[in-house]
Amino acid sequence: MPYDTQLVAPDLLALADETAVVLGPEWTVTGLLGTAIVAHPLGLRCSLHIRDGLLSISAFVSTGRYPDQPAQPFTATTPMKSTDGVKVAELIHGQVLPHFGRHDAIAALRLLSLPLRDAQLPVMAQGTLNHSELALHANGSTTPALDVRMSSPRVGAVSVNVHLTQLTADRVIRCERAALLPAPLSASERARFAPDVLAVMDAIPELGAAAPLAGFTTLYRSKAGATITHDENAVHADAPFSIRLPGTSPETAYAVLRAYAAE
């Protein structure tokens with residue numbers, strides 16, 4: 001069946017169009033039956049559909065190398081009547097797209113390149129399924145102003161090292177705030193926890209939680225492990241900061257690079 005938007009409800013199609021504009025210049029809208037789809041040329045696709053007044057934003061993401069392993073659905077929901085393209089785009093950025101970067105180092109490279117492509121930064125990208133990297137040399141420096149290295153020792157395990165230099169105070173504040181924001185839990189992830197555990201996590205946003213094991217749930221204080229350095233003798237006096245995040249997740253790295261690329 002061909003993809004088109006003929007059967008997509010006008011209000012959903014309008015929302016999808018607005019969402020694609022907010023997501024970035026390379027996102028487009030198509031559809032399948034009554035479902036609207038926002039798609040990126042790198043192969044990222046998110047489906048939007050309405051049921052019982054709720055808008056569901058879903059992506060099916062492969063978690064294994066083998067074709068007999070089905071893709072897993074990841075879904076975020078929000079009331080249709082109170083949403084708009086900006087809110088939907090933020091849900092996609094925060095709760096859906098990060099899943100696309102968890103498979104291997106190339107998947108992480110694809111995800112983390114998105115905000116840099118949108119900002120039209122001349123970043124070098126290269127790598128394999130096990131190791132990949134992004135690098136940006138700015139102002140004639142031999143040291144990269146942006147150095148992002150992704151490693152994946154096995155399928156489904158990705159670690160990211162981020163090092164950003166030549167940052168202004170405003171930019172380093174944006175990046176640090178993005179690093180400290182915990183990734184919001186999806187509805188399926190929240191369902192794993194008892195209501196009183198969710199109440200504590202909602203009241204203290206900086207807390208994370210390990211999946212319940214043998215009836216016990218461990219709450220821990222989420223920290224990005226970021227290190228900020230100020231260089232009094234920086235060549236570029238207006239950008240004397242650097243920030244380093246070793247061994248962080250694709251979600252955190254994506255949030256930080258979005259903050260880095262925002263102007």
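Nothing fancy with the numbering, it's 1 onward along the sequence. Computed from heavy atoms alone, side chains included, the values below leave out hydrogens, waters and symmetry copies.
- Legend: salt bridge (Lys or Arg N to Asp or Glu O under 4.0 Å) pairs involving residues 32-45, not counting sequence neighbours: none detected.
- The line from CD1 of Ile57 to CG of Leu91 is 5.0 Å long, rounded to the nearest 0.5 Å.
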Distance-only donor-acceptor pairs under 3.5 Å for side chains of residues 116-123, two or more places apart:
residue	atom	partner	partner atom	Å
Arg117	NE	Glu26	OE1	2.9
Arg117	NH2	Glu26	OE1	3.1
Arg117	NH2	Glu26	OE2	2.6

Between Leu109 and Met150, is a side chain to side chain contact (heavy atoms under 4.5 Å, CB included) present by the stated rule, with each step listed? CA-CA 7 Å; Leu109 178 70; Met150 294 135 280; 4.1 Å; yes
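- For Thr165, the side-chain contact (heavy atoms from CB on, under 4.5 Å) criterion is met by Ala145, His163, Ser242, not counting sequence neighbours.
- Taking the side chain as every heavy atom from C-beta outward, Val148 and Leu146 approach each other to under 4.5 Å.
- Remark: Arg110 pairs with no residue by the salt bridge (Lys or Arg N to Asp or Glu O under 4.0 Å) rule, at least two apart or across chains.
- What you find for Val8 and Ala36 is that their closest heavy atoms are CG1-CB, 4.0 Å.
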Side chain to side chain contact (heavy atoms under 4.5 Å, CB included) between Phe241 and Thr229, intermediate numbers included: CA-CA 6 Å; Phe241 289 96; Thr229 302; over 6 Å; no
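- Applying the salt bridge (Lys or Arg N to Asp or Glu O under 4.0 Å) rule to Glu18 yields no partners; only residues at least two apart in sequence or on another chain are considered.
- Taken from CG in Leu12 to CG in Leu48, the straight-line distance is 6.0 Å, to the nearest 0.5 Å.
- Cluster annotation: Val29 and Val86 are assigned to distinct hydrophobic clusters (Ile/Leu/Val/Met/Phe/Trp/Tyr, side-chain heavy-atom contacts under 4.5 Å, transitive).
- Using a 4.5 Å heavy-atom cutoff, the side chains of Thr19 and Cys46 are not in contact.
- Of all heavy-atom pairs between Leu55 and Ile50, the closest is CD1-CG1, 4.2 Å.
- Residues Ala255 and Ala178 share a closest heavy-atom pair of O-CB, 3.5 Å.
- The minimum heavy-atom distance between Ala105 and His131, with the atom names listed, is CB-N, 3.7 Å.
- For the side chain to side chain donor-acceptor pair (under 3.5 Å) test, residues two or more places apart in sequence or in another chain that qualify with Ser58 are Thr75.
- Ser151 is listed as a side-chain neighbour of Ser159, based on a closest heavy-atom distance under 4.5 Å.
- Listed by first and then second residue, the ring-ring contact (aromatic ring centres under 6.0 Å, His included) pairs that reach into residues 104-125 come to none, sequence neighbours excluded.
- There is no path of hydrophobic side-chain contacts, each under 4.5 Å, that joins Val88 to Val21.
- Residues Val96 and Ala76 approach most closely at CG2-CB, 4.3 Å, considering heavy atoms.
- In this structure a side-chain-to-backbone donor-acceptor pair under 3.5 Å is present from Asn161 to Gly247.
- With sequence neighbours excluded, no residue satisfies side chain to side chain donor-acceptor pair (under 3.5 Å) with His49.
- Residues Ile243 and Leu245 form a side-chain contact, since some pair of their non-hydrogen atoms from C-beta on lies under 4.5 Å apart.
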Pairs of donor and acceptor atoms involving the side chains of residues 166-173, under 3.5 Å and at least two apart or interchain, shall be tabulated with distances.
residue	atom	partner	partner atom	Å
Gln166	OE1	Asn139	ND2	2.9
Thr168	OG1	Arg171	N	3.2
Arg171	NE	Tyr260	O	2.9
Arg171	NH2	Tyr260	O	2.8
Arg171	NH2	Glu263	OE2	3.2

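- Screening residues 7-48 for ring-ring contact (aromatic ring centres under 6.0 Å, His included) gives Trp27-His40 as the qualifying pairs, with residues at least two apart or on separate chains.
- The backbone N or O of Ser152 lies less than 3.5 Å from no partner atom in the side chain of Asp104, so there is not a single donor-acceptor pair.
- For the atom pair CG of Asp11 and NZ of Lys81, the computed distance is 14.5 Å after rounding to the nearest 0.5 Å.
- Using a 4.5 Å heavy-atom threshold, the side chains of Val38 and Leu23 count as touching.
- The main-chain N or O of Ala262 is found under 3.5 Å from a side-chain atom of Arg174 such that the two form a donor-acceptor pair.
- Thr78 is not listed as a side-chain neighbour of Ser56, based on a closest heavy-atom distance of 4.5 Å or more.
- In this structure the side chain of Val22 never reaches within 4.5 angstrom of the side chain of Glu90, judged on heavy atoms.
- Atoms CD1 and OG, on Ile106 and Ser132 in that order, are 5.5 Å from each other to the nearest 0.5 Å.
- Counting heavy atoms from C-beta on, the side chains of Met124 and Leu134 never come closer than 4.5 Å.
- Atom CZ of Phe100 is separated from atom CG of Leu111 by 9.0 Å, given to the nearest 0.5 angstrom.
- In the hydrophobic clustering (ILVMFWY side chains linked at under 4.5 Å, chained through shared members), Leu54 stands by itself.
- For the atom pair CG of Leu164 and CG of Leu257, the computed distance is 6.5 Å after rounding to the nearest 0.5 Å.
- For residues 123-136, every residue pair satisfying the salt bridge (Lys or Arg N to Asp or Glu O under 4.0 Å) rule, not counting sequence neighbours, is listed here: Glu133-Arg149.
- Residue Lys87 comes nearest to Thr83 through the heavy atom pair CB-OG1, 3.6 Å, listed as atom of the first residue, atom of the second, then distance.
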